[in-house]
Amino acid sequence: MTSCHVAEDPIKKVAIFGGTHGNELTGIFLVKHWLENSTEIQRRGLEVKPFITNPRAVKKCTRYIDCDLNRVFDPENLGKKKSEDLPYEVRKAQEINHLFGPIDSEDSYDIIFDLHNTTSNMGCTLILEDSRNDFLIQMFHYIKMSLAPLPCYVYLIEHPSLKYATTRSIAKYPVGIEVGPQPQGVLRADILDQMRKMIKHALDFIHNFNEGKEFPPCAIEVYKIMEKVDYPRNESGEIAAVIHPKLQDQDWKPLHPEDPVFLTLDGKTISLGGDQTVYPVFVNEAAYYEKKEAFAKTTKLTLNAKSIRSSLH
Ligand SMILES: [Zn+2]
């Protein structure tokens with residue numbers, strides 16, 4: 001008998017990270033709850049470890065102490081000689097890499113879910129780093145189907161220069177979960193419920209996979225990053241216009257070349273320009289003002305995954 005599925009190793013170890021950004025409260029709240037009572041995240045034969053990644057930032061309710069923890073998991077920072085002089089987050093990254101990674105090592109974690117909130121109106125968002133990862137495409141397909149009719153979008157950050165060194169990248173299967181809109185330092189019940197469901201469905205998928213279920217070929221729609229767009233700035237580098245009201249809260253909606261994107265104080269509208277319809281994400285994200293990103297342009301495409309089945313069955 002021939003088989004056309006991709007046989008994957010069963011999943012043994014899963015980590016759920018909260019507090020990578022200390023002012024994104026939903027993941028912090030859930031992870032703290034699961035550290036007290038892990039019943040809802042337990043699945044037979046699976047180790048699931050909830051973990052607060054940036055405790056000092058969480059305590060201060062700030063994004064980070066010295067630098068962004070979600071940007072320092074690159075070989076250079078992870079390989080730096082241990083020293084008290086290193087930024088707090090670089091020391092933390094090395095510790096997290098030691099506990100959960102390094103990637104492809106014998107006892108590293110198979111999957112890391114990293115829980116984030118955005119101030120943008122992005123709803124439930126899954127972040128994918130690699131377009132050829134059949135297992136994650138299958139998982140994301142399962143989560144999307146389970147959440148329906150609630151929409152769940154997939155943001156693909158695969159890009160030669162725009163991809164960044166995420167906290168979750170030390171796992172074979174890195175999963176970013178981003179739910180919004182929610183202000184920094186605030187908990188909203190609707191956002192909490194959505195993130196909790198995303199984790200539930202993800203763990204159910206892993207459980208079904210480990211129990212031998214075969215997942216037939218599938219396809220998902222994803223939004224792939226094209227370019228980050230900065231605010232218009234004056235000669236001193238200060239922001240000279242705000243997100244146009246017609247773009248505010250319009251994440252994932254088609255944005256045409258003639259559509260307005262910025263509005264200046266004297267009422268001048270600045271349109272998108274170019275010759276292509278794009279899909280904006282992270283529109284007016286609070287944390288991205290420092291990163292000079294008013295929104296990101298994405299393009300919509302379909303990813304296909306082969307059938308998968310655990311190699312144990
Ligand atoms: Zn975040």
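All ligand and atom numbering here is 1-based and tracks the order in the structure. Quick note: numbers below take in every heavy atom, side chains included, and nothing from hydrogens, waters or symmetry partners.
T26 and N117 share a side-chain donor-acceptor pair at under 3.5 Å.
For the Zn ion (ligand 1), protein N, O or S atoms closer than 2.8 Å were enumerated as H21 ND1, E24 OE1, E24 OE2, H116 ND1, with waters left out.
A side-chain hydrogen bond (donor to acceptor under 3.5 Å, both in side chains) with Y109 holds for exactly one of K49, K13, E47; it is E47.
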May I have the list of side-chain donor-acceptor pairs in residues 154-161 shorter than 3.5 Å, sequence neighbours left out?
| from | atom 1 | to | atom 2 | distance (Å) |
| --- | --- | --- | --- | --- |
| E158 | OE1 | S131 | OG | 2.7 |
| E158 | OE2 | S131 | N | 3.0 |
| E158 | OE2 | S131 | OG | 3.3 |
| H159 | ND1 | S161 | N | 3.1 |
| H159 | ND1 | S161 | OG | 3.4 |
| H159 | ND1 | L162 | N | 3.0 |

Would you be so kind as to tabulate the donor-acceptor pairs closer than 3.5 Å made by side chains of residues 142-151, with sequence neighbours excluded?
| from | atom 1 | to | atom 2 | distance (Å) |
| --- | --- | --- | --- | --- |
| Y142 | OH | N208 | ND2 | 3.4 |
| K144 | NZ | C152 | O | 2.8 |
| S146 | OG | Y142 | O | 2.7 |

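The side chain to side chain donor-acceptor pair (under 3.5 Å) search around Q138 returns none, not counting sequence neighbours.
In the displayed structure, Y88 atom OH is contacted under 6.0 Å by more than 12 heavy atoms of other residues, nucleotides or ligands.
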